[in-house]
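So the structure is just underneath, and the comments pick up after that.
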There are 2 protein chains.
Amino acid sequence: MTNPDIRDAIMTATYEALCEEGYSDLTAQAIADRTDRSKSALFYHYGSREAIVAEFIEYLIEGIELRVAKTRDRPALERLAAFVDWFLSEPDDDERAFHTALLELRAQAPYNDVFRAKLRESNDRLQRALEEILRDGLEEGVFQAHDPEAVAALLLAAFDGAQIRQVTLGRNEYLETIRAGTVDHVLADILKPDVEFPETVAFEFPPDERLRDSSTADERTERDTVR
Amino acid sequence: MTNPDIRDAIMTATYEALCEEGYSDLTAQAIADRTDRSKSALFYHYGSREAIVAEFIEYLIEGIELRVAKTRDRPALERLAAFVDWFLSEPDDDERAFHTALLELRAQAPYNDVFRAKLRESNDRLQRALEEILRDGLEEGVFQAHDPEAVAALLLAAFDGAQIRQVTLGRNEYLETIRAGTVDHVLADILKPDVEFPETVAFEFPPDERLRDSSTADERTERDTVR
DNA sequence: GGGACCTGACTGACTAGTCAGACAGTGACC
DNA sequence: GGTCACTGTCTGACTAGTCAGTCAGGTCCC
């Protein structure tokens with residue numbers, strides 16, 4: 001169903017609407033306004049607003065997979081640093097807006113089986129990506145013996161918690177505090193004693209090219225103190 | 001403003017409505033239905049739905065403070081175990097429903113200055129309570145030298161992340177994994193080498209007595225597979 | 001009689017989803 | 001080449017419903 005062009009248009013429109021309006025104001029109209037089609041066209045292609053959102057999560061998952069794949073040839077320690085940095089470096093305005101909306105969306109998962117299933121998949125891929133880094137580090141001999149599954153889960157929980165607190169409380173310091181705590185208390189146990197966790201990243205975790213901010217990020221300024 | 005009886009009635013009604021309907025369905029009517037007043041009475045006492053929610057967060061904060069105070073005479077290690085257990089033990093249905101709704105509410109904080117300010121305060125009290133435990137443990141000589149502020153932040157982020165993932169992904173295993181990881185990797189650095197983190201809690205973190213489930217928790221059963 | 005408290009009926013704004021019909025393209029058939 | 005039937009895509013207008021908040025008026029107590 002649906003030719004790829006219009007699907008892509010609807011997905012990026014959804015992304016923009018999410019960033020600009022948040023999830024709870026993500027109306028079918030708000031999405032349509034950001035395409036060159038009418039609201040009815042949305043319902044023609046996807047039967048419901050919910051289906052659009054479900055597809056959007058799918059779209060994000062594809063993005064994650066693509067982005068993880070790009071990093072696989074790097075050494076494990078560099079990848080770990082990039083992963084940490086991805087979650088715990090201070091977001092720009094667009095990133096923050098997106099995290100904010102995504103949190104609202106995630107908060108609906110308990111009420112919505114489809115969202116929950118898709119978010120699970122997204123989470124599992126992330127978890128597996130991190131486990132892979134940890135396992136590769138063991139093989140490369142830079143990490144000490146540990147349980148990659150448990151450590152990955154702990155790290156993701158801490159990162160996620162930090163990000164959510166940063167977004168909901170509006171406190172950027174949080175990220176740096178948690179990063180330092182993670183490096184000192186968790187990664188210290190993981191790295192071989194002679195291995196230092198890099199101060200700066202060797203490369204940035206690649207962004208989702210499809211969601212490169214097409215909208216000229218300026219008309220968004222006076223809309224900042226919202227709702 | 002407002003006599004304490006009706007305030008209390010509205011707050012517990014808000015709590016019940018949140019648990020049963022979630023935040024995004026928390027309408028003024030849903031709250032009123034759980035009091036013996038009409039919806040108009042709500043608007044008479046609080047000027048808006050938002051004000052009710054803001055007051056409710058306040059109400060929760062008072063509860064936390066009360067509950068933390070009750071535990072202050074216990075040894076630090078016991079308190080730490082109770083704190084960990086509070087966040088990371090498997091919730092019953094009511095607790096889970098409440099966490100779910102609270103997450104929705106927290107997800108609105110970025111858009112709402114009042115909510116954000118109150119949630120910050122709530123968070124700060126929690127952080128201070130945990131720091132206090134850590135400092136007391138240092139004084140009691142059961143903990144090794146560490147930075148209580150940073151460790152408290154790390155623990156709270158990890159706990160919060162674990163709880164959110166458990167709620168949004170519907171996976172209870174998460175909590176146990178994170179608890180084990182926290183004990184092995186973070187608390188291992190904090191406790192003196194000869195001190196063992198308790199397997200079982202000496203006491204439960206006290207619940208909020210005011211929110212004791214007054215509604216006979218049975219009519220809620222067939223409404224479980226919702227929305 | 002005045003104020004505190006409360007109610008039911010109502011309004012206005014908003015939204016998901018529907019539907020009848022428009023229109024452009026395509027292929028068949030004369 | 002022209003016409004006709006048909007299909008996929010799309011639209012504007014509409015429906016049915018929801019919800020926050022208002023308001024005129026009522027009761028009860030001082």
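Here is the naming used below: chain letters follow the sequence lines, and residue numbers restart at 1 for every chain.
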Can you give me the N/O atom pairs linking the protein to nucleotides 19-25 of chain D at distances under 3.5 Å, or say none if there are none?
| residue | atom | partner | partner atom | Å |
| --- | --- | --- | --- | --- |
| dA20(D) | OP2 | Ala28(B) | N | 3.1 |
| dA20(D) | N7 | Lys39(B) | NZ | 3.2 |
| dG21(D) | OP2 | Arg49(B) | N | 2.9 |
| dG21(D) | N7 | Lys39(B) | NZ | 3.1 |
| dG21(D) | O6 | Lys39(B) | NZ | 2.7 |

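- Straight-line distance from the CG atom of Leu42(A) to the P atom of dT9(D): 14 Å, rounded to whole Å.
- Counting to the nearest Å, the P atom of dC14(C) and the CD atom of Glu21(A) are 13 Å from each other.
- The distance between atom CG of Asp5(B) and atom C1' of dC5(C), rounded to the nearest whole Å, is 14 Å.
- Around CD of Glu149(A), the count of heavy atoms belonging to other residues, nucleotides or ligands within 6.0 Å does not exceed 12.
- If you take CD1 of Ile52(A) and C1' of dG17(C), they are 11 Å apart, rounded to a whole angstrom.
- With rounding to whole Å, Tyr44(A) atom OH is found 18 Å from dG21(C) atom P.
- A salt bridge between Glu58(B) and Arg7(B) is absent, with no side-chain N of the basic residue lying under 4.0 Å from a carboxylate O of the acidic one.
- Atom pair Arg7(A):CZ and dT9(D):P shows a separation of 16 Å (rounding to whole Å applied).
- In this structure, Arg125(A) pairs ionically with Glu121(A), as a charged nitrogen and a carboxylate oxygen lie closer than 4.0 Å.
- Side-chain polar atoms of Glu104(A) and Gln108(A) form no donor-acceptor pair below 3.5 angstrom.
- Note: Trp86(A) and Phe83(A) have perpendicular aromatic rings, judged against thresholds of 30 and 60 degrees for the angle between ring planes.
- In this structure, Glu176(B) pairs ionically with Arg179(B), as a charged nitrogen and a carboxylate oxygen lie closer than 4.0 Å.
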